[in-house]
**Student:** 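Structure in structure tokens, see below.
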Amino acid sequence: MHRKLLGATGAALLAGALLAGTPVGAARAADATPTAPAAAAPAPAAAAELPPDGDTVASPPGANDWTCRPGAAHPNPVVLVHGTFANRYENWLVLSPLLKSLGYCVFALDYGTVPGITSSGSGLLLPIGGLAPVADSAAQLGRFVDLVRGATGAAEVDLVGHSQGGMLPNYYLKFLGGAAKVGKLVALAPSNHGTTLDGITNLAPYFPRVAELIYTACAACRDQAVGSDFNRRMASRPDTVPGVRYTVISTVYDEVVTPYRSQFLDGAGGAGAAAVDNEVVQAHCPLSLAEHVAVAFAPTALHLVTNALDPAHATPVLCG
């Protein structure tokens, strides 16, 4: 459910809020029995070195068990990366317990938070994140990945992100050395090449003071606009980094990252190019009405996520 803003600047502020990844509804899946510790796994990092769980937002069900040790079936822990104007709890109420029930070690971070800015998308008063410059948030993701690897003993993690959270990991892979630490990147409705917000961003030059207000509060909103300095930097290198497997999951009804095909990645980077699967929810379920927010909770989309994380055991994706 997108946040409704009133007053003279309401329509323009909504342009920034539309980059959110806030849930419209969620159901909980049962947690799995904890995975047995791997014999060679090192002891977890000292508690002081781990992110304080709940100092910003509570973990979603199934996430951030720092005693979890990946099993042979799923050797890579999964790190969940929320969207703009969202947080780890609201964004991953469905996917986190689902992955836990399948035997994954699941971790979720909050990033890009600004004190005093809150969300009530779930009916709770929760801080929101994804507001800081994308490059800063990508560095924060990198530090979190290192904590997860150190605690679990895993050489690599797999990343699953929504909206900005599906795009900023690619900055981490391209510019911050993350490719050596990541096996797969699965992105739900990512703002990979910026967004026009159905043309709304094209109005910014006509309302410079309002646009500046939005961008001052949300630097990540500026970064995600088509033609931004950030997007020019991203375009200075190929879409993908060799050694990582990419999956993009889009919906034709995306009203936030527009046009929706701008989310797709090009894996044609020459020798050693990364593998890319660009999926569209409606190609598997023509009846699906999932849009930008709902795609993070839609059963068909989440089935595509689990197939992407474990392609050796992928199953046919149907409506559901």
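These values consider heavy atoms only, across backbone and side chains, with no hydrogens, waters or symmetry-generated copies.
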**Student:** Given the rule in the side-chain hydrogen bond (donor to acceptor under 3.5 Å, both in side chains) test, do Gln263 and Asp254 qualify, once you have shown the distances and angles that lead to the verdict?
**Tutor:** CA-CA 10 Å; Gln263 301 170 20; Asp254 200 314; 3.0 Å; yes

**Student:** Side chains of His162 and Asn91: do they bring a donor and an acceptor to under 3.5 Å?
**Tutor:**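 Yes, a side-chain donor-acceptor pair sits under 3.5 Å.
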
**Student:** Between Asp277 and Arg245, does any NZ, NE, NH1 or NH2 come within less than 4.0 Å of an OD or OE carboxylate oxygen?
**Tutor:**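 Salt bridge flag = yes for Asp277 with Arg245.
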
**Student:** Should the pair Phe264 and Tyr260 be assigned to parallel (<30°), tilted (30 to 60°) or perpendicular (>60°) ring geometry?
**Tutor:**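 Correct class here is perpendicular.
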
**Student:** Would you say Gln224 and Thr195 are linked by a side-chain donor-acceptor pair, where the criterion is simply a distance under 3.5 Å?
**Tutor:**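 Thr195 vs Gln224: no donor-acceptor pair found between side chains.
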
**Student:** Does the pair Ser163 and His292 meet the rule for a side-chain hydrogen bond (donor to acceptor under 3.5 Å, both in side chains), with working shown?
**Tutor:** CA-CA 8 Å; Ser163 194; His292 182 79; 2.9 Å; yes

**Student:** Could you check whether Ser228 and Asn231, counting side-chain N and O atoms only, form a donor-acceptor pair closer than 3.5 Å?
**Tutor:**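 A pair is found: one side chain offers a donor N or O, the other an acceptor, under 3.5 Å apart.
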
**Student:** Answer yes when Asp146 and Arg143 have at least one side-chain N-carboxylate O distance shorter than 4.0 Å, and no when they do not.
**Tutor:**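 So Asp146 does not pair with Arg143 through a salt bridge.
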
**Student:** Charged N to carboxylate O below 4.0 Å: is that the case for Asp229 and Arg222?
**Tutor:**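 Salt bridge flag = no for Arg222 with Asp229.
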
**Student:** Do Asp158 and Asn76 meet the criterion of a side-chain donor-acceptor pair at a distance under 3.5 Å?
**Tutor:**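 Indeed, the side chains of Asp158 and Asn76 share at least one donor-acceptor pair under 3.5 Å.
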
**Student:** Please determine, by modelled atom types, if Glu279 and His284 share a side-chain donor-acceptor pair under 3.5 angstrom.
**Tutor:**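 Yes.
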
**Student:** Does a side chain donor of either Thr306 or His313 reach within less than 3.5 Å of an acceptor in the other side chain?
**Tutor:**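 Note: Thr306 and His313 side chains miss the donor-acceptor criterion.
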
**Student:** At what distance, to the nearest 0.5 angstrom, does CG of Asn64 lie from NZ of Lys100?
**Tutor:**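 Answer for the CG-NZ pair, Asn64 versus Lys100, is 10.0 Å.
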
**Student:** With no hydrogens and no angle check, just 3.5 Å: does a side-chain donor-acceptor pair link Asn170 and Tyr246?
**Tutor:**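 Yes - a donor-acceptor pair under 3.5 Å links their side chains.
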
**Student:** Determine, using the 4.5 Å side-chain heavy-atom cutoff (strictly less than), whether Phe175 and Val134 are members of one ILVMFWY cluster.
**Tutor:**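 Yes, it is one cluster - the side chains of Phe175 and Val134 are joined through contacts under 4.5 Å.
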
**Student:** Between Thr300 and Ser288, do the side chains contain an N or O donor and an N or O acceptor separated by less than 3.5 Å?
**Tutor:**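 No.
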
**Student:** Which class fits the ring pair Phe144 and Phe107: parallel under 30°, tilted 30 to 60°, perpendicular over 60°?
**Tutor:**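 Perpendicular, since the angle between the ring planes exceeds 60°.
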
**Student:** Does one side chain, of Asp239 or His193, offer a donor that lies under 3.5 Å from an acceptor on the other?
**Tutor:**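 Yes, His193 and Asp239 have a side-chain donor paired with an acceptor closer than 3.5 Å.
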
